[in-house]
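Here is the structure we will look at.
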Protein chains: 2
Amino acid sequence: MKIPGLDPTDIDILRLLQKDAQLTNKEISFTLRKSIATIHERIRRLKEQGYIDRVVAILNRKKIEKSLIAFSQVLLNGHAADTLYQFEKEVMKFPEVMECFQMTGNFDFLLRIATSDMDAYHDFYRHKLATLPNINSIQSFFVLSETKSVTAYPL
Amino acid sequence: MKIPGLDPTDIDILRLLQKDAQLTNKEISFTLRKSIATIHERIRRLKEQGYIDRVVAILNRKKIEKSLIAFSQVLLNGHAADTLYQFEKEVMKFPEVMECFQMTGNFDFLLRIATSDMDAYHDFYRHKLATLPNINSIQSFFVLSETKSVTAYPL
DNA sequence: ATTGAAATGTAGGAAAC
DNA sequence: GTTTCCTACATTTCAAT
């Protein structure tokens with residue numbers, strides 16, 4: 001079995017819910033040819049055991065005026081545990097930072113930053129990000145166009 | 001008004017649904033001190049007008065054995081419209097590629113790639129990604145740890 | 001656009017096979 | 001794991017404001 005604790009029906013359910021979490025148990029049971037009660041019980045278990053983390057609404061970025069997405073590579077001065085921890089602790093408080101990953105390679109963190117436009121990004125950069133302690137360098141790249149963007153993991 | 005076509009109540013609703021789309025209309029109506037019918041009508045409108053793109057289940061990456069996330073910077077040979085288009089068309093077919101953005105800067109595309117481990121990534125790299133035409137270089141970075149990862153835009 | 005109330009459908013739980 | 005039944009909630013519609 002590919003994923004410990006999950007059988008093919010569980011995988012099918014996860015595949016469907018990753019694309020559309022508003023499917024009713026009835027619709028899922030029809031698609032997968034199982035009873036409603038089975039689907040209900042499976043989903044309950046998948047949530048309880050933490051396979052499904054949460055259900056969220058994905059907004060249309062263009063419509064809500066967060067048209068500018070930046071990916072910023074951050075290099076810190078030194079890698080003392082405390083330096084890393086302090087950076088993480090502060091950067092995750094910024095709502096503009098949707099993602100922050102510590103990375104392999106020649107920089108320390110990769111951030112995904114959402115703002116309305118370049119002015120707003122500049123503002124965030126100067127008055128928030130660049131004010132954090134122990135920052136050596138920040139290199140930013142901006143999204144020109146979005147070819148694909150899904151939240152569904154391949155299963 | 002910050003976002004055209006939305007009043008403060010709409011913004012509040014979007015903020016809540018971005019974090020938890022399983023909130024019932026009743027719960028939202030209680031939080032925002034509006035009637036259930038109002039909340040219902042607002043959400044219907046937000047979906048119809050495309051502010052809410054979709055509602056999805058977010059899985060726990062660790063539990064489903066997609067522990068390895070790579071960000072790959074791809075540089076193509078030349079930027080003929082057809083070269084770009086062909087790359088986009090092919091790369092978006094790969095389920096491992098969760099995101100593909102055309103970017104500013106000294107590379108053309110940034111990909112987010114989800115696989116189970118380094119072996120699976122290597123396999124994807126050699127037999128899928130690197131076989132696409134007109135690829136000049138691919139530089140990959142891997143996620144060591146996840147400090148923050150949300151799908152909610154700041155509103 | 002907002003509301004309360006009424007109708008419909010779904011979720012969630014229990015029992016028996 | 002499935003089926004049936006049941007109750008409680010949630011969604012959806014609608015007439016009135």
Side-chain angles (χ1 to χ4, degrees), chain A residues 1-66 116 151-153 155, chain B residues 1-60 63-65 150-155:
Chain A
M1 208 174 307
K2 265 179 60 182
I3 302 176
L6 299 185
D7 72 8
T9 302
D10 292 321
I11 305 277
D12 285 340
I13 292 172
L14 291 179
R15 247 196 278 263
L16 290 172
L17 292 181
Q18 279 198 113
K19 298 232 165 100
D20 183 1
Q22 309 224 85
L23 291 169
T24 62
N25 292 349
K26 197 176 173 183
E27 291 169 310
I28 296 171
S29 75
F30 181 78
T31 305
L32 303 185
R33 288 154 220 277
K34 302 267 170 186
S35 75
I36 295 178
T38 300
I39 300 297
H40 180 258
E41 169 56 19
R42 298 278 191 142
I43 294 177
R44 190 200 62 70
R45 212 189 86 246
L46 289 168
K47 282 184 177 153
E48 190 219 357
Q49 298 184 348
Y51 292 97
I52 297 174
D53 186 51
R54 60 196 195 279
V55 173
V56 301
I58 304 291
L59 306 190
N60 181 335
R61 168 164 86 73
K62 298 280 173 60
K63 296 278 293 189
I64 57 163
E65 310 274 294
K66 297 291 164 188
S116 51
T151 52
Y153 291 98
L155 292 179
Chain B
M1 210 174 305
K2 265 178 61 184
I3 302 177
L6 299 186
D7 72 9
T9 301
D10 293 320
I11 304 278
D12 285 339
I13 292 172
L14 291 179
R15 247 196 277 264
L16 291 171
L17 292 181
Q18 279 198 112
K19 299 228 164 108
D20 182 2
Q22 310 225 82
L23 290 169
T24 62
N25 292 345
K26 195 177 174 185
E27 290 170 311
I28 296 171
S29 76
F30 181 78
T31 305
L32 303 185
R33 288 154 220 280
K34 303 268 171 185
S35 76
I36 294 176
T38 299
I39 299 299
H40 180 259
E41 169 57 19
R42 296 275 190 145
I43 293 176
R44 190 201 60 72
R45 211 190 88 246
L46 289 168
K47 282 183 179 154
E48 189 218 0
Q49 298 185 345
Y51 291 96
I52 297 174
D53 186 51
R54 61 197 194 279
V55 173
V56 300
I58 304 290
L59 306 190
N60 182 335
K63 297 277 293 187
I64 55 162
E65 309 275 292
V150 300
T151 51
Y153 291 98
L155 293 179

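No experiment lies behind these values; they were computed from the predicted model shown. In the text below, chain A, chain B and the rest are named by the order of the sequence lines, each starting its count at 1. Scope of the values below: all heavy atoms of this structure, side chains included, with no hydrogens, waters or symmetry mates.
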**Asked** Applying salt bridge (charged side-chain N to carboxylate O under 4.0 Å, His left out), which residue pairs with at least one partner in residues 53-66 of chain A are found, sequence neighbours left out?
**Response** A/Arg61-A/Glu146

**Request:** Sequence neighbours left out, what passes salt bridge (Lys or Arg N to Asp or Glu O under 4.0 Å) with A/Arg42? Give chain and number order.
**Result:** A/Asp7, A/Asp10

**Message:** If the condition is salt bridge (Lys or Arg N to Asp or Glu O under 4.0 Å), which residues does A/Arg44 pass it with, not counting sequence neighbours?
**Reply:** A/Glu41, A/Glu48

**Asked** How would you list, by chain and number, every residue that makes a side-chain contact (heavy atoms from CB on, under 4.5 Å) with A/Lys47, sequence neighbours excluded?
**Response** A/Ile43, A/Ile52, B/Gln22

Kindly list each side-chain donor-acceptor pair under 3.5 angstrom involving residues 31-38 of chain B, sequence neighbours excluded, with atom names and distances?
unit_1: B/Thr31; atom_1: OG1; unit_2: B/Glu27; atom_2: O; d: 3.0
unit_1: B/Ser35; atom_1: OG; unit_2: B/Thr38; atom_2: N; d: 3.1
unit_1: B/Ser35; atom_1: OG; unit_2: B/Thr38; atom_2: OG1; d: 2.9

**Request:** Can you sort out which residues in residues 20-32 of chain A have a heavy atom within less than 4.0 Å of DNA chain C? Ascending by number, please.
**Result:** A/Thr24, A/Asn25, A/Lys26

**Request:** Report the distance from atom OG1 of A/Thr24 to atom CZ of A/Phe30, rounding to the nearest 0.5 Å.
**Result:** 11.5 Å

**Asked** How many angstroms lie between CD1 in A/Ile64 and OH in B/Tyr153, if you round to the nearest 0.5 Å?
**Response** 6.0 Å

**Residues that B/Val150 engages under side-chain contact (heavy atoms from CB on, under 4.5 Å), provided they are two or more places apart** = A/Met98, B/Lys148

**Request:** Calculate, to the nearest 0.5 Å, the distance between atoms CD1 and CG belonging to A/Ile39 and A/Leu17 respectively.
**Result:** 9.0 Å

**Asked** What distance separates B/Thr9 OG1 from B/Ile13 CD1, expressed to the nearest 0.5 Å?
**Response** 6.5 Å

**Asked** Under a 3.5 Å cut-off on both pairing distances, which runs of 3 or more consecutive Watson-Crick or G-U pairs involve DNA chain C?
**Response** C:1-17 with D:1-17

**Asked** What parts of residues 36-49 of chain B reach DNA chain C, counting only heavy atoms under 4.0 Å away?
**Response** B/Ala37, B/Thr38, B/Arg42

